[in-house]
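One structure is given below, encoded as C-alpha cells.
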There are 2 protein chains.
Amino acid sequence: MDPHLLRTFVCVVRTRSFSDAAVRLGYTQSAVSQQIAALESDLGVSLLRRRPVAPTEAGRRLLEHAEPLLLRLDAARADVLRAARPSHRPAVLAVSPLALTPRLAGLLDGAGAIHTAGRDGVVAEVAAGRADLGVVDGLAAPSDPLDLPDVGPLATVRIAEQDLVVALPDGHPLAGRAGLRLGDLADALWLDAPGIAGLAHVRAVARVDGLRPGMVYHGCDVRTLLTLAAAGRGLVVLPASAELPRGLTGVPLTGPRLVHRIELVHAHLPPGPARDLAAALTRPGPG
Amino acid sequence: MDPHLLRTFVCVVRTRSFSDAAVRLGYTQSAVSQQIAALESDLGVSLLRRRPVAPTEAGRRLLEHAEPLLLRLDAARADVLRAARPSHRPAVLAVSPLALTPRLAGLLDGAGAIHTAGRDGVVAEVAAGRADLGVVDGLAAPSDPLDLPDVGPLATVRIAEQDLVVALPDGHPLAGRAGLRLGDLADALWLDAPGIAGLAHVRAVARVDGLRPGMVYHGCDVRTLLTLAAAGRGLVVLPASAELPRGLTGVPLTGPRLVHRIELVHAHLPPGPARDLAAALTRPGPG
DNA sequence: TCTGGTTACGTTCCACGTAAACATG
DNA sequence: CATGTTTACGTGGAACGTAACCAGA
C-alpha cells in the first residue's frame, strides 16, 4: 500500500476516470490502470467498478482511510522539515471564518499572510505545514476544548471564550425574547453552514437532536451567511460579539451551557516569527 | 516516504542499531543503511546520529508520526479486507483490564477468543483488525464519551457507566470517610498504572493538577495493582463495582463529577458473528 | 583492532511509457 | 463506432545483496 498508489486511487475516484486522473497526476492512462491493478492485487480485492468508474464497498472503506493517511504523511514531512530548518520568514496564518476577532487582528504583527478555510481545513493546513498557525473557532461546553480532527501531534491552546446568540430575523415570533434555549428552537428551520457553524457540530456539542436543516451554505463568508439568515432562510448560532446586519437580532442562548471558543492550533514550533506570534496570540486578554 | 522506509526507520530507532533492525526485518545491514539514507535524502535532512544510533530532532518528529501512520495503514488494509470478505468465524475480542464486568462476560456467546491490552492497545488492535471488537473503560464526565486515540473511522458505543471509588488501604487516615473529593487527595501518593487507570488520564479528565505519582505499575493485571494498593503503595481510582481484596476499602468519589465508563469499539462491521456480538453487548442492561 | 555503518557494484525486478487489443455504452 | 480501460512488451531505474571500505570506541 504505497502512498503513491493511494494517491492515484483517490484521484481516480474523485475524477471518476482513469484517464483524467492520469493527466492530473502526470501519468499515462496505462500507468494509472496498472497502479490500480497493483493495489487491487496487493489487497486481493476489487476496489473499483469500471465504466462507469465507481468504488466498490471495499473501495469506499479504503477511501475513508486514504485521505487522512495522505494528510498525515504530509504532516510528517512538514514537521520534520520544520524541525530541521526553522523558518525566519513571516508566519502564515489560517483562520476559520468566525475566529478572527478585532482584538486578535490587532496582534498579527509577525504575520506575513493569512487565509480562510473551514475548521477542519485550517487544522489540515497547519498539519501539512501550509500554514504555521491556525486559529479555529467552534462551540464547546465552557472551558472544554474544541474537538478537532486528529491529524497528528498538534498543540491546541485556548485563546478566548464568549457567549452565544441565536441570530433571528426581525419579525420572528421569538425575536423579542430575552433568552432562548436550543430546545425552544428544535422545530425551527436552521441554516446549515459546514465550515462556519455546521449543524452537525451544534447537535454533537449540544446533544440535541432534530434541528431541522433548511438551506445549506457551502462557503466561508460570514456576510453571505448572515444575509441568508436575515432573509429568513434559517437560524444560525453566533458568538455574542458578532456584528449583525440590519434585519437580524441576536438573542442570547441560555441553554444548554455552551460557549463560542477560539483556539490556536500549531505544530511543534522552533524559535522564529511563528512561535513569537503564537505567544502573542495566547497572552491572556479580554473576551 | 514509503511506509517501508518508515517501518525500518522505526525499527532502527527502537533497536538503536542498523544491524539488529536488519535481522529483525529480514534485510542485510547494507539495505537498512541504504533505506535510511534514502529517507534522509528524500527529506533532505539528517534523521539519525550514528554510533551511538540516536534520532536527531527531526528524527524524533518523524518518529512521532511514523507509528500512528503505520497503524493507520494496517487499519486501512484491515477495513478493506473486512468489507470484501466478511468473516464467519467466531469474533475476537480485545478488552482493557477493568472493562469486562460479570454482566458482559455473560453475553459473550459469539466470541471465539479474548485477550487483554491497555486502553490504547485495544483501540489499536481493533483498528488493525487483530480484534473484531474492543471493550474499553475509562474515566469521563457523566454521559461524555471516552477520549480514545483517533486511529481511523471507528464506532464507539456506550455500554455502561458506574460510579467511582478511591481504593484506600486500611488504616489510611481518610479510610473512614463516607465520600471523598479528588482535591482532598491531591497531596496523597498515587499509584500510576498506565493502561489500567493512568494518572495522566485522571488528571486530564478531572482537570486536577498535582496528583503525586508514587510507584508506576506497567502491566494489565488488576489483581497485582490492587495488591500494591493494599500494601499502601499508593491510591487508585476504580469502578464502584470492583471487588476489593482484604486490606482495601472503596470510598465513593463525590467530586468532581466523574464516572467509570465502558465503551464498545469496532470498525464498520459486515453481518456476521462480530456484528451480532456487538449488538448483544450494546443492548441496554443494568449498570 | 574489532564492531558496526557506509560505499561500490552487479543483478534482479518493478514501474512506467508506447502501442495494440479489447470492452462497453 | 467511439471512448476509455486493459494487456503486451521493452526500457530505465530503483532496491537489494555481496563485498570492500572506513570510522569510532
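Below, each value reflects all heavy atoms present in this structure, side chains not excepted, and no hydrogens, waters or symmetry copies. In what follows, chains are A, B, ... by sequence order, proteins preceding strands, each numbered from 1. Not measured: the values here are computed from a predicted model.
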Side-chain contact, heavy-atom cut-off 4.5 Å: [X] with [Y]?
X: Val53(A); Y: Ser17(A); answer: no
X: Leu69(A); Y: Leu73(A); answer: no
X: Ile196(A); Y: His201(A); answer: no

| said: Going 5' to 3' along DNA chain D, which are the first and last nucleotides with any atom under 4.0 Å from a heavy atom of chain B? | reply: dC16(D) to dA25(D)

| query | With sequence neighbours left out, which residue pairs that include part of residues 35-84 of chain A fulfil the ring pair (Phe, Tyr, Trp, His ring centres under 6.0 Å) condition? | reply | none

| message | Tell me which pairs pass ring pair (Phe, Tyr, Trp, His ring centres under 6.0 Å) where either residue lies in residues 14-45 of chain A, with sequence neighbours left out. | response | His4(A)-Tyr27(A)

| said: For Glu125(A), give me all partners under salt bridge (Lys or Arg N to Asp or Glu O under 4.0 Å), at least two apart in sequence or on another chain. | reply: none

| message | My understanding is that only residues two or more places apart in sequence, or in another chain, count here; which of them pass salt bridge (Lys or Arg N to Asp or Glu O under 4.0 Å) with Arg14(B)? | response | Glu67(B)

| field | Sequence-distant partners of Thr224(A), side chain to side chain donor-acceptor pair (under 3.5 Å), two or more places apart | value | Asp221(A)

| note | Across all chains, not counting sequence neighbours, the side chain to side chain donor-acceptor pair (under 3.5 Å) partners of Arg50(A) are Glu40(A)

| query | Asp42(A): what forms a side-chain contact (heavy atoms from CB on, under 4.5 Å) with it, not counting sequence neighbours? | reply | Met1(A), Arg77(B)

| note | Expected list for residues 14-23 of chain A near DNA chain D, using heavy atoms below 4.0 Å, is Ser17(A), Phe18(A), Ser19(A)

| Near DNA chain D, under 4.0 Å by heavy atom, which residues of residues 40-62 of chain B? | Arg51(B)

| remark: Contact string for nucleotides 8-18 of chain C, one letter per nucleotide 5' to 3', B = base within protein heavy-atom range under 4.0 Å, S = sugar-phosphate only, - = neither, reads B-------BBB

| remark: As a check of understanding: the bend across the helix from dT1(C)-dA25(D) to dG25(C)-dC1(D), end axes from five pairs, rounded to 10 degrees, works out to 40°

